[in-house]
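For reference, the structure discussed in these notes is given below.
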Amino acid sequence: MEIRLDQAAIEALSRDPAVRKAVIDRAEQGRDFARSIAPVDTGRYRDSIHVMEDANGADLVADVDYADDLEYGTRHMPGQHIFGRTLDSLRSSGQP
């Protein structure tokens, strides 16, 4: 059996207004959850967590220079896995 994906149909679906709204709404839920569990010293990391929309949907981003260190850890501190925990939360919420 061979399966071929219709890439043009997938791209058209991703541009559908209802699908875009659902994707952005879900990303905003993720943003809110990530902010709620983010460590707060100055609040700079928490406040940097935002949704970036693009032609294909939306990305959840933390754009401070130390975001990777907080997510994955360093040799001096364990990772806090904010985005990993956010993804787990979104997956387990039972919503699409």
Side-chain angles (χ1 to χ4, degrees):
M1 171 189 268
E2 182 177 332
I3 298 174
R4 292 185 186 195
L5 298 178
D6 183 342
Q7 199 64 36
I10 292 170
E11 289 174 15
L13 182 61
S14 73
R15 289 188 300 271
D16 179 270
V19 171
R20 282 194 60 78
K21 181 177 180 342
V23 168
I24 292 165
D25 287 350
R26 194 71 165 147
E28 289 172 346
Q29 290 173 359
R31 176 204 57 212
D32 295 345
F33 181 82
R35 285 181 177 175
S36 77
I37 64 169
V40 178
D41 185 15
T42 66
R44 194 169 150 234
Y45 171 75
R46 178 200 56 218
D47 295 344
S48 80
I49 299 171
H50 63 280
V51 175
M52 283 184 52
E53 295 179 40
D54 63 25
N56 297 318
D59 292 319
L60 190 56
V61 177
D63 56 10
V64 293
D65 58 348
Y66 52 90
D68 286 347
D69 293 340
L70 282 172
E71 186 68 20
Y72 302 111
T74 68
R75 65 184 179 147
H76 301 291
M77 68 175 202
Q80 303 225 5
H81 311 293
I82 303 304
F83 281 78
R85 291 165 44 205
T86 297
L87 183 57
D88 290 344
S89 174
L90 290 171
R91 284 180 177 157
S92 67
S93 70
Q95 296 179 6

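Residue numbers count from 1 along this sequence. The figures here come from the full heavy-atom set of this structure, side chains too, leaving out hydrogens, waters and symmetry mates.
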> Nearest heavy-atom pair of Ala27 and Ala58: which atoms, and what distance?
Replying inline: CB-CB, 4.0 Å
> Transitively linked via ILVMFWY side-chain contacts under 4.5 Å: Val51 with Val64?
Replying inline: yes
>> For a side-chain contact (heavy atoms from CB on, under 4.5 Å) check, start with the C-alpha distance between Ile82 and Arg85, then their side-chain angles and the critical distance, and finish with the verdict.
In response: CA-CA 5 Å; Ile82 303 304; Arg85 291 165 44 205; 3.9 Å; yes
> Checking side-chain contact (heavy atoms from CB on, under 4.5 Å) for the pair Leu70/Met77: CA distance, chi angles, key distance, verdict?
Replying inline: CA-CA 8 Å; Leu70 282 172; Met77 68 175 202; 4.0 Å; yes
> Rounded to the nearest 0.5 Å, what separation is found between the OG1 atom of Thr86 and the CZ atom of Arg31?
Replying inline: 12.0 Å
> So which heavy atom on Phe83 is nearest to which on Tyr45, and how close?
Replying inline: CE1-OH, 3.6 Å
> Same hydrophobic cluster for Tyr72 and Ile49, using side-chain heavy-atom links shorter than 4.5 Å among ILVMFWY?
Replying inline: no
> Say you draw a straight line from CD1 of Ile37 to CD of Gln80; how long is it, rounded to the nearest 0.5 Å?
Replying inline: 9.0 Å
>> Quick check: closest heavy atoms across Asp47 and Arg35, and the distance to 0.1 Å?
In response: O-NH2, 4.1 Å
> About how many Å separate NZ of Lys21 and CD1 of Ile24, when rounded to the nearest 0.5 Å?
Replying inline: 8.5 Å
> Can you tell me how far CZ of Arg26 sits from CG of Leu90, rounded to the nearest 0.5 angstrom?
Replying inline: 4.5 Å
> In Å, rounded to the nearest 0.5 Å, how long is the span from CZ of Arg20 to CG of Asp25?
Replying inline: 11.5 Å
> Heavy-atom count around Asp16 CG within 6.0 Å, excluding the residue itself: above 12?
Replying inline: yes
>> Measuring from atom CG of Asp6 to atom CD of Glu11, what distance do you get when rounded to the nearest 0.5 angstrom?
In response: 9.5 Å
